[in-house]
Amino acid sequence: MDISELIKCNDYCWEIPAQGKMRVPAVIYADETLLQAMDEKVAQQISNVAKLPGIVQAAYAMPDAHWGYGFPIGGVAAFDAEDGGVVSAGGVGFDISCGVRTLLTGLKKQELMAKQTALADMLFYQIPAGVGSTGCVHLNHQEMDAMLQGGARWAVRRGFGLESDLERIEEQGCMAGADASQVSEQAKKRQKDEMGTLGSGNHYLEVQCVSRIFDQRAAAAFGLQEGDVVVSIHCGSRGLGHQIGTEFLKRMVLEAGRHGIELPDRELACAPVNSATGQAYLGAMRAGINCALANRQILTHLTRKVFAEILPQAELRLLYDVSHNTCKVETHEVEGRKRKLFVHRKGATRAFGPGHPAVPGDLRSVGQPVIIGGSMGTASYILAGTAGSEQLAYSSACHGAGRAMSRHAATKRWRGREVMDVLAGRGIMIRSPSQRGVAEEAPGAYKDVAAVVEAADAGGLATTVARLEPLVCVKG
DNA sequence: ATGTCC
């Protein structure tokens with residue numbers, strides 16, 4: 001990216017001043033190195049977001065931002081419905097409520113190592129992964145609607161996991177305002193056999209070891225110590241979320257003119273929050289959030305079953321579950337005034353600071369856990385929300401390493417088999433149904449996650465708590 | 001991300 005047009009606010013914050021049809025400035029949080037490596041399209045896309053009706057304060061890009069459909073991945077934007085604000089399907093992303101949860105196991109790395117191969121094989125056998133994968137749960141119409149309304153709460157009631165899991169999930173596991181009747185039959189049909197499946201692309205289930213603690217107090221509150229084994233699950237709402245996104249995107253493009261919305265880019269199709277389509281999308285999108293929460297909950301149950309067999313002394317407790325493709329109604333202070341806003345986070349994690357009422361009581365003094373999934377074979381990080389992040393980007397942080405190379409380019413450069421062999425040599429066991437998928441996800445195709453986390457920390461978006469190193473990875 | 005193009 002050409003940084004000569006940007007105003008440097010500080011070493012980790014850069015502004016594109018409002019110009020032309022931009023209603024507000026665009027702000028990118030990154031250090032100079034990340035910024036220079038960032039695709040020019042991120043600046044274009046985030047500037048286009050700043051042109052949408054009802055946008056408040058600024059459009060933001062996180063340190064892991066890269067080119068996406070309409071909105072950049074790693075984009076945050078909030079809209080005021082009272083001010084003509086919009087909701088955008090492309091601003092949430094196709095994989096609605098894609099997210100990651102981390103489970104504590106109570107195990108130390110040494111206990112796990114003797115069983116590493118058995119665990120890798122059993123997880124791969126029990127966790128459905130890959131394009132079009134189907135699971136052990138099959139939903140009829142009635143159960144589909146119950147799942148879409150109930151989320152992880154529905155899953156726990158059906159025997160998948162523990163009641164105590166729910167308090168460690170955003171929205172206590174059930175997104176309010178979901179409207180299953182706004183989800184098309186086609187979307188439901190695609191999902192009926194896909195519950196409890198990882199999917200493909202960058203989705204994974206990873207067994208990890210805590211390799212470094214950065215913040216002792218926060219780590220103690222989160223239950224993390226050096227040498228601990230944890231499990232992280234990254235996946236979303238599968239075919240259902242994709243279908244909802246596709247259908248509403250089309251509908252929003254067709255209706256934009258009727259709502260007097262001039263689209264700077266077709267891919268930024270949106271509808272006023274206060275319109276039939278806006279409300280219908282919000283209902284369907286929230287149902288999609290519940291689908292993703294239920295999906296991760298079922299996968300958690302399957303993971304517990306595998307550990308019970310291979311390492312029966314393990315006790316898997318949910319640390320936290322974050323969604324990084326959402327639009328949520330939140331109250332934020334803007335220029336001294338509290339406003340109800342529709343906050344879009346696409347490839348960005350909610351990061352509420354200490355004291356926020358939505359953070360579970362026993363974690364509230366340190367802030368919300370923010371889980372940053374690394375790429376395959378690289379570290380992941382646990383951060384905590386900060387008090388200052390509300391004024392920086394509506395309490396948001398990055399979500400991962402962010403791609404640095406296209407999938408196509410990655411498959412030309414690497415072969416899945418060799419990527420797996422190299423990682424095996426470093427003690428990391430990869431299991432995947434797709435060699436090509438492994439090549440696409442080669443560590444070299446991603447940005448340096450440590451640099452991304454450092455920029456998020458130094459920029460004040462969140463504070464680093466712990467680093468996790470992979471031991472076993474089931475890759476979609 | 002995605003029944004990787006109804």
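Everything quoted here is computed from the prediction, not taken from an experiment. Worth knowing before you read on, the calculation uses all heavy atoms, side chains too, and leaves out hydrogens, waters and symmetry mates. Every chain is numbered from 1 and lettered A, B, ... according to where its sequence line falls, protein lines coming before strand lines.
- Rounded to an integer number of Å, the gap from Ile73(A) CD1 to dT2(B) P is 13 Å.
- Here Arg403(A) lies out of heavy-atom contact (under 4.0 Å) with every strand.
- Atom CZ in Arg238(A) sits roughly 5 Å away from atom P in dT2(B) (whole-Å rounding).
- Rounded to whole angstrom, the span from the NZ atom of Lys189(A) across to the P atom of dC6(B) amounts to 13 Å.
- Distance check, rounded to the nearest 0.5 Å: CG of Leu263(A) to CG of Leu52(A) gives 7.5 Å.
- The stretch residues 191-200 of chain A touches DNA chain B through Glu194(A), Gly199(A), Ser200(A), each having a heavy atom under 4.0 angstrom from the strand.
- In terms of phosphate contacts, Arg407(A) brings no side-chain nitrogen or oxygen within less than 4.0 Å of OP1 or OP2 of dT4(B).
- Listed by first and then second residue, the ring pair (Phe, Tyr, Trp, His ring centres under 6.0 Å) pairs that reach into residues 34-58 of chain A come to none, sequence neighbours excluded.
- Distance CG (Asp95(A)) to P (dT2(B)): 6 Å, rounded to an integer number of Å.
- Atom CD of Glu247(A) is separated from atom P of dT2(B) by 16 Å (rounded to the nearest Å).
- Shown here are the side chain to side chain contact (heavy atoms under 4.5 Å, CB included) partners of Ala409(A), two or more places apart in sequence or in another chain: Met405(A), Ser406(A).
- Here Glu206(A) pairs with Gln208(A) under the side-chain hydrogen bond (donor to acceptor under 3.5 Å, both in side chains) rule; sequence neighbours left out.
- Scored by the side chain to side chain contact (heavy atoms under 4.5 Å, CB included) test, Arg317(A) finds Leu104(A), Glu315(A) as partners (sequence neighbours excluded).
- Nucleotide dT4(B) holds its P atom 18 Å from the NE2 atom of His408(A), rounded to whole Å.
- A residue-by-residue look at Gly201(A) and Glu440(A) shows that Gly201(A) has its nearest nucleotide of DNA chain B further toward the 5' end.
- Residue Asn325(A) contributes atom CG, which lies 13 Å from atom C1' of dT2(B) at whole-angstrom precision.
- The side chain to side chain contact (heavy atoms under 4.5 Å, CB included) check on Gln186(A) picks up Ser184(A), Lys189(A), Arg190(A), Gln243(A), Glu247(A), with sequence neighbours excluded.
- In this structure, NZ of Lys475(A) is placed 16 Å from C1' of dT4(B), rounded to the nearest angstrom.
- With a 6.0 Å cutoff to the six-membered ring centre and a 45° limit on the axis angle, Arg168(A) does not count as a cation-pi contact of Tyr320(A).
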